[in-house]
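Right, one structure below, let's go through it.
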Amino acid sequence: MQYNFNEIEAKWQKYWAENQTFKAENNSDKEKFYVLDMFPYPSGAGLHVGHPLGYIASDIYARYKRHKGFNVMHPQGYDSFGLPAEQYAIQTGQHPAITTATNVKRYREQLDKIGFSFDWSREVRTSDPKYYKWTQWIFIQLFNSWYNKNTDKAEDISTLIAVFEKEGNATINAVSDEDVAIFSSEEWKSFDSKKQQEVLLQYRLTYLAETEVNWCPALGTVLANDEIVNGVSERGGHPVVRKKMTQWSMRISAYAQRLLDGLDKIDWPQPLKDSQTNWIGRSQGASVKFRVQNSELGVASENPSLFIEVFTTRPDTIFGVSFMTLAPEHDLVLQITTPEQKADVEAYIEATAKRSERDRMADVKTISGAFTGAYAEHPFSKEPIPIWIGDYVLAGYGTGAVMSVPCGDQRDYDFAKHFNIPIPNIFEGVDISEEAFADKDKTVIANSDFLNGLKYKKAMKLAIYELEKLGQGQGKINYRLRDAVFSRQRYWGEPFPVYYVDGMPQMIAPEHLPIALPEVEKYLPTETGEPPLGNAEVWAWCTKENKVVPNSEINNTCTFPLELNTMPGWAGSSQYFNRYMDPHNENEIFSKEAINYWQDVDLYIGGSEHATGHLLYSRFWQKFMFDRGFVPKDEFAKKLINQGMITGTSAFVYEALTPENVPNVYFSAEVFTQDDFVESPEHWTELEEFCNKYGLNKKELTSTIRSIHIDVSFVDNQSSIDIDALRKWREEFSEAKFFCENDGKMLAHHEVEKMSKSKYNVVNPDEICEEYGADSLRLYEMFLGPLEQSKPWNTAGITGTHSFLKKLWRLYFDDNGAKFTNAEPTKDNLKTLHKTIKKVEEDIANFSFNTSVSTFMICVNELSSQKCTSKSVLESLAILVSPYAPHIAEELWSQLGNAESISTAPFPAFDASHLVESSKEYPISFNGKMRFKLELPMDFSKDQIEEAVMAHEKTAQQLQGRTPKKVIIVPGKIVNIVG
RNA sequence: GCUCGAGUGGUGGAAUUGGUAGACACGUUGGACUUAAAAUCCAAUGGACAUUAGUCCGUAUGGGUUCAAGUCCCAUCUCGAGUACCA
């Protein structure tokens, strides 16, 4: 009987689908276990071999947990809103929904072929109105909430209104906009409705705010920092300007401390936690106000804007301040600059505006800045402090201004050196002639009036105390985390459930959701620069009928315009893991029963690129949902594993530029390497003839050589290129002249790069499934290396796991059919089996799937040479293999006479008694170098071991008459003789 | 610049608490079977020297700790990922 994988795999995939083998129920006697993958964006390129890596790992874990008796939920869906479908729509006019549906279908077919144990009955798509109904619903909940710092949680906005009515906002301890005016309860009551709404918007967890964006007028869109290169748009090279826009924001900053604290509770990779910690960026210090000395602008005490507020982590160094630096964008800059300095400052501001934040960051060597001519007053010494502007200070962080202490901060130090600003030393016994001194723990303050002789901690406390007395500062904790902009000027995203009355946003009542995306003629922004939804003709809200109606009916009395922005990509992915628990519920986002049963994700697998995006926003929404009592856990995933990226091997040929009417010229990789020709007279002659024929200069021709990508599918395992296929592939190759190796082969050269369609190095899993089977692919992807490490894809090795499966099959069957018998397993059989059980369970616990594949190989090699036919051993082996190679396992299981699917068969129990050894082969080392091995009984004492080793002839040979100084014996491990 | 991670044969990688470096595969070479090929099986495979026995070198580099270091410590180099110069 042959191992016919195509037949077997198709058969069991059909069986699983028909029997709903992996459907998880929302209640069970079994313990629950929730295994989640980051759902894919269904791109037009289809699935490549990098995608399934994490899915295979999570599938192994899910299947293993089923064998261990858990009620496992392993859902899958699609993050189906996104830019590529929209851009395709812009180019072709095809509706993104159609593109998306086609791509989803393709993904599903590809996923099905790999044999995942997904519960497809729970599938969600973020672009499905039935799904985004609940994304809109959460938005409304956020709008109707504020953050109470006293209770440290989000509460319904009605509790805030109650306080306003009772006592105004003076006593409120809430997270809000910074510039909220104080009002009394009487004033609140006297506000008209619009004013009240304006005030409330300053407290809501999602709010409208003026945000600076990178606006590209030519493209009519907002660009990310990423999309800007050298101050112009990456696409098309159009100018980009900073522009203020009113956009929705999420008050994630309210959760900064809880997002930090929560990291301690979850088992996530440390590097990922570190990057979230850095992103949130908590720092403790003080805010200090410096009075601006500028007679022309009046007296600072009468004009509050003449204070410069800074945040510093080192208030203890306040006497070391020798200048101040403002971000060039700081509001005060133009106000305080003296007429003499005006030209300098303006030139510097202009120069800075042209540099992106990325540029400013990458360039640490160039020190630049300008003096404003203005001075601030030191809060204690009252000495004047020059005020500079410099691009190392960023407007977006803190107050956009720093007090510069050159002796304690290297950047300030470099700046001071560069501009010849004094560098006073305020540290006891420290030399600062070469560099700044930033070691807080070793700090003892000097030359600092009342702080002299104090260490960092005490000096900091005292400095804050004294600043508070002056009314010019206070202790403060600062976070880098900024509120998240939630508006996008795109078509293919969730519409907001928002309409505007008199310029104020109004929520549509949840019972009228979803608000479906309107149809538009064009997916581009409108000519007036409005988002694509501005093109919609039916996009107004009628408050009488509670439905979307044509724009022509807008009368601003009962029919109003709807929001034109859409939500960002992360909106749909921030609660999808909870929606899977009850995906078809039309009345609630999920039922109480479902969320209380499933609680949270037990294992989440996905890429680390989402560290500060999706994984932070999702934690934020989960905490919000927790505060409002919708979910029982304030962290959504207990454990997270990052799978590494699979890189592709790109193939290149060397191309020389030829004039028109001359065939294109390509060189084999070993004829031409790096920058030069390998000595090879034959080719020189051939090239000579070629050049003579077309009247070309050989030197000129070869100086133009560059390497260009070709599709990896034209290259075999020996790097040999299929020239005929290449000629058919693209026009430039069809008539080309190829300079091959002496043996006539055309060789490609390779480089490892990220797998991408544009690099022609994408390897598609379909062909591998066809040629070797899904089980071979699954094993091979795991066998490549540690899950979390990035690794290159190379199909060459797949024959290894494929022939393993054939060997496994031959353990059960030969040409005459089944080999298994009811024979008692031998001692060796049991030893091999239990050794394997132990190792595989350890490996799964450590997510070390690569080593369990080798363990299976060793097991099958051993059982084969033991000629094992014992049915009981072979049955256990089938279960062990089943999470990794489920199709073959099902087939073997059924051939062994089992009627049910193997998927819930109990995992074999490990029995240590089969591994007890009676003897051990000791490595005998001399001075740490292993010289020979000696088999000794396991129960020998140290003395007995020493006696046996010393009596051995090879020991005498090694010692050559010397007496050992010392003999180290670790029973059961090693013997080391020193001497 | 900062943060995190990683450097082991021709290749992917193994060595989980310091204890036999290179498991398991790929590739390569040789052999068996075959008219031939595929498939399968067997053997060899870190480097150098040595007929054999064996010896020496070897986990990016240089030091150190230890009876013993891929593993621990210090310094350096290289590569990768992230990044918002975060005061």
Side-chain angles (χ1 to χ4, degrees), chain A residues 2 225 269-275 277-279 281-283 285 310-314 317 325 357-358 360-365 390-394 396-405 408-412 414 438 478-482 608-609 611-612 642 644-645 647 717-718 752 779-780 783-786 788-801 803-804 806-807 810 839 842-843 845-846 848 850-859 861 921-933 957 964-970 972-979:
Chain A
Q2 289 289 311
N225 280 346
Q270 195 56 43
L272 191 142
K273 286 189 186 182
D274 289 346
S275 71
T277 304
N278 291 337
W279 192 263
R282 181 187 202 270
S283 51
V310 303
F311 174 77
T312 175
T313 52
R314 298 294 304 273
T317 62
T325 317
E357 283 198 355
R358 285 264 163 103
R360 279 162 73 169
M361 179 183 57
D363 182 13
V364 290
K365 283 169 204 141
D391 69 0
Y392 76 102
V393 177
L394 296 183
Y397 180 72
T399 59
V402 299
M403 58 175 231
S404 303
V405 184
D409 181 288
Q410 194 59 43
R411 284 161 316 189
D412 295 346
D414 295 339
N478 201 48
Y479 299 93
R480 310 193 295 168
L481 185 68
R482 296 179 206 155
S608 59
E609 66 272 21
T612 52
N642 288 131
M645 186 173 65
T647 48
N717 290 340
Q718 274 80 48
V752 171
L779 285 175
Y780 185 57
F783 191 57
L784 273 180
E788 307 198 31
Q789 200 171 295
S790 89
K791 50 215 162 240
W793 179 261
N794 178 0
T795 354
I798 197 157
T799 53
T801 54
S803 57
F804 157 74
K806 286 195 276 191
K807 264 189 220 169
R810 279 199 305 279
K839 180 79 168 102
E842 284 167 2
D843 285 345
N846 294 324
S848 176
N850 55 328
T851 50
S852 28
V853 177
S854 350
T855 304
F856 290 135
M857 289 172 170
I858 294 167
C859 176
N861 288 346
E921 193 178 40
Y922 278 93
I924 314 296
S925 350
F926 291 80
N927 298 317
K929 280 180 185 154
M930 205 279 287
R931 289 305 180 195
F932 64 93
K933 289 176 190 172
Q957 200 184 320
K965 288 191 196 115
K966 206 171 174 184
V967 180
I968 310 279
I969 293 164
V970 185
K973 279 224 161 132
I974 198 169
V975 176
N976 189 17
I977 296 163
V978 187

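Below, chain A is the first sequence line, B the second, and so on; all start at residue 1.
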What pairs with [X] under side chain to side chain contact (heavy atoms under 4.5 Å, CB included), at least two apart in sequence or on another chain?
X	result
A:Lys966	A:Ile968, A:Val978
A:Pro269	A:Pro271, A:Leu272, A:Leu640, A:Asn642
A:Lys973	A:Val970

Looking at [options], which one has an atom nearest to any side-chain atom of [X]?
X	options	answer
A:Val970	B:rG19, B:rA87, B:rC24	B:rG19
A:Glu842	B:rG13, B:rA84, B:rU16	B:rU16
A:Met930	B:rG12, B:rU20, B:rU17	B:rU20
A:Thr799	B:rG19, B:rC85, B:rC26	B:rC26
A:Arg931	B:rG12, B:rU55, B:rU83	B:rU55

What is the nucleic acid contact for [X], judged by heavy atoms within less than 4.0 Å: base, sugar-phosphate only, or nothing?
X	answer
A:Asn976	base
A:Asp412	nothing
A:Asn850	sugar-phosphate
A:Asn278	sugar-phosphate
A:Thr612	nothing
A:Glu788	nothing

Results of salt bridge (Lys or Arg N to Asp or Glu O under 4.0 Å) for A:Lys839 - residues two or more places apart only: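 Salt bridge (Lys or Arg N to Asp or Glu O under 4.0 Å) check on A:Lys839 returns A:Asp843.
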Per-nucleotide protein contact along nucleotides 40-45 of chain B, 5' to 3', at a 4.0 Å heavy-atom cut-off (B base, S sugar-phosphate only, - neither), is SS----
Under a 90° cut-off about 0 for the syn range, is B:rG9 syn or anti?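 You should classify B:rG9 as syn.
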Rounded to whole angstrom, note down the P distance from B:rU11 over to B:rA44.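 Each nucleotide's P atom is 22 Å from the other's.
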Encoded 5' to 3' (Watson-Crick or G-U under 3.5 Å; [ ] crossing; | other strand), RNA chain B becomes (((((((..(((......[....)))((((((.......))))))((((....))))..(((((..]....))))))))))))....
Under-3.5 Å donor-acceptor pair between A:Lys839 side chain and B:rU16 base: yes
